[in-house]
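Just so we're on the same page: letters track the sequence lines, and every chain starts at 1. Only a predicted model underlies this, so the values are computations on that prediction, with no experimental measurement involved.
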There are 2 protein chains.
Amino acid sequence: MKKKYVAIYEDIASKIESKEWLANEMLPSENELTSIYETSRETVRKALNLLSQNGYIQKIQGKGSMVLDVQKFSFPVSGIVSFKELAQSLNLKSKTIVTSLAYLNKENPIYNKLEVDGYKIWGTNRVRELSGEKVILDKDYFSEEFVPILTEEICEKSIYEYIERELGLTIGFAHKEIVVENLTEEDKALLDVDGYSMVVVIKSLVYLDDAKLFQYTESRHRPDKFRFIDFARRVK
Amino acid sequence: MKKKYVAIYEDIASKIESKEWLANEMLPSENELTSIYETSRETVRKALNLLSQNGYIQKIQGKGSMVLDVQKFSFPVSGIVSFKELAQSLNLKSKTIVTSLAYLNKENPIYNKLEVDGYKIWGTNRVRELSGEKVILDKDYFSEEFVPILTEEICEKSIYEYIERELGLTIGFAHKEIVVENLTEEDKALLDVDGYSMVVVIKSLVYLDDAKLFQYTESRHRPDKFRFIDFARRVK
DNA sequence: TTACAAAACCTGTATATACAAGTTATACTG
DNA sequence: CAGTATAACTTGTATATACAGGTTTTGTAA
């Protein structure tokens, strides 16, 4: 029973998701929550701030915390989410095909992006099938320093699960860039892109907990199957 | 001199942006910052959490706060930023052309999105020119309830500036969705899209401080001029 | 010198208090 | 009854203390 404010956050978030607390209604006040959860007001406030950051509530000074409509953005493609997690949360019938898995040649420009010194880089291509159509090509690159062994089986299941469970590494944050590019020969060969001339590409630099650069990824989507949903707060 | 933690946040953020504090170096410890800014540790921690959320630092328990490389994501298209703010921060030569400004017909499906009751809806189309090319079409819709008057001059300058300065409204948050769509006849008529068949569309529902739905926007970008940059933290 | 235990740092969590600032309901005054 | 001032709520900011948990340095013992 540690991290009380996370427990409170999860409890309230689940109550909102399960419609126990409805959109456009007010949460109990901070003082009430303090006695409900038998804790201090500061601890309640930490939980409420997490809820606010993640789009569950809107705090209004003097009034209270209003529950927001989580339906409208229940497709959490923002943040850092693996394909397996995404497919599971959406109940999609998906399949992953590993089309390549090998160390990169020393001349590969990815070596500049990952800034490894001495270490080799794993490169893997995975095609994602949704309802029978090959619509996503994921190109992942890891330094041997953090991921010494990578098998086809791991790539087929979930690399992130392997990294976090087996290797005990903790993902911290990522810089992401979304652009639209013309089809490469590789895209044409691996994906079902008849009638399309472009793909949406999400390029990510992923860092560990200790701020060490860990992975470079390109996720290439057929335009009709691409959707990115975000919750943003106005700054300043 | 109020909101001390925001002042500390802004001071540290500016020191990082101006390279006074370099990437991969450690910030002074929380205790040191406490005496530097002559405040309490909790206040320093509030500032550090803001810096962490916005991608300036990575906190590592037991070690300290590492400065991150803000160069890599200095293109802040995420969050809620107006075109004018964006063009200014990037020093782009831009021009805005207002192509329409009127109340919508009652049959327009936008009336369902904005959930206004009784009020009319302002609709305006604006074409954005970057270095002489018409590459972005912004379609904005506001309820008369919040924006009673809208002139061509305001639309040409900056609607957000008008809303926040003149009308005294405060933008709170937004739900955003990015998709790729085929060109409409309108796109073809208003934009320079020779050689392209699709546009990237950012659809946003924008809410005020008090969680009231305020605006619906579609920002339609020629694919080669579209770029979305995001900083994301791994949740859970 | 090496190995390991302890101390001295660091950040993270939990609690308490005080007052400022915004909103709403109440009660009083004209 | 209407209008307004006040009281009673709400959340926001600032401060203090205590201890838990992680990392690094120090110092001691073999």
**Q** Does B/R45 have a side-chain nitrogen or oxygen under 4.0 Å from the phosphate oxygens OP1 or OP2 of C/dG12?
**A** yes
**Q** Which nucleotide in the list D/dG12, D/dG22, C/dA14 gets nearest to the side chain of A/K46?
**A** C/dA14
**Q** Write down the atom of A/L169, the atom of A/F146, and the distance for their closest heavy-atom approach.
**A** CD1-O, 3.8 Å
**Q** For residues A/Y141 and A/W122, establish whether the separation of their ring centroids is below 6.0 Å.
**A** no
**Q** Pick the nucleotide of DNA chain C nearest each of B/P28 and A/S40; which residue has the one closer to the 5' end?
**A** B/P28
**Q** Rounding to a whole Å, what distance do you find between B/L50:CG and D/dG12:P?
**A** 13 Å
**Q** Rounded to the nearest Å, what distance is computed from the CD atom of residue B/E38 to the P atom of nucleotide D/dA16?
**A** 12 Å
**Q** Separation of A/E30 atom CD from D/dT13 atom P, in whole Å?
**A** 11 Å
**Q** In whole angstrom, what separates B/Q58's CD from D/dT23's P?
**A** 13 Å
**Q** Taking 4.0 Å as the cut-off, does a side-chain nitrogen or oxygen of B/K63 come that near to OP1 or OP2 on C/dC9?
**A** no
**Q** On the nucleotide C/dC9, are OP1 or OP2 found under 4.0 Å from the side-chain N or O atoms that B/N31 carries?
**A** no
**Q** B/Y37 OH to D/dT15 P: how many Å, rounded?
**A** 14 Å
**Q** Taking all non-hydrogen atoms of both residues into account, name the closest pair between B/D138 and B/R220 and its distance.
**A** OD1-N, 4.5 Å
**Q** With a cut-off of less than 4.0 Å, is there a side-chain N or O of B/T43 near OP1 or OP2 of D/dT13?
**A** no
**Q** Round to a whole Å and report the spacing from CG of A/L48 to P of D/dT10.
**A** 13 Å
**Q** Would you say B/Y5 reaches D/dT13's phosphate, i.e. side-chain N/O to OP1/OP2 under 4.0 Å?
**A** yes
**Q** Counting heavy atoms from C-beta on, name the nucleotide in C/dT11, D/dG12, D/dA16 closest to the side chain of A/R41.
**A** D/dG12
**Q** Atom CD of A/Q61 and atom P of D/dC9: how far apart are they, to the nearest Å?
**A** 18 Å
**Q** Test B/K3 against B/E10 for salt bridge (Lys or Arg N to Asp or Glu O under 4.0 Å), laying out the working first.
**A** CA-CA 11 Å; B/K3 294 207 186 173; B/E10 286 171 351; over 6 Å; no
**Q** Closest-nucleotide mapping onto DNA chain D: is A/E42 or A/I60 further toward the 5' terminus? I mean the 5' end.
**A** A/I60
**Q** OP1 or OP2 of C/dA14 versus the side-chain N and O atoms of A/K4: is any pair under 4.0 Å?
**A** no
**Q** Quick one: closest heavy-atom pair of A/L48 and A/S65, and the distance?
**A** CD1-OG, 4.1 Å
**Q** Is A/T39 close enough to C/dT15 that one of its side-chain N or O atoms is under 4.0 Å from OP1 or OP2 there?
**A** yes
**Q** Is the distance from OP1 or OP2 of D/dT10 to the nearest side-chain N or O of A/S29 less than 4.0 Å?
**A** yes
**Q** Rounded to the nearest angstrom, tell me the gap between atom CE in A/M26 and atom C1' in C/dT24.
**A** 11 Å
**Q** Below 4.0 angstrom from OP1 or OP2 of D/dT10, is there any side-chain N or O of A/K59?
**A** no
**Q** If you only use heavy atoms from C-beta on, which nucleotide in D/dT10, C/dC10, D/dT11 is closest to the side chain of A/E32?
**A** D/dT10
**Q** Taking all non-hydrogen atoms of both residues, which atom of A/W21 and which atom of A/I12 are closest, and how far apart?
**A** CZ3-CG2, 3.7 Å
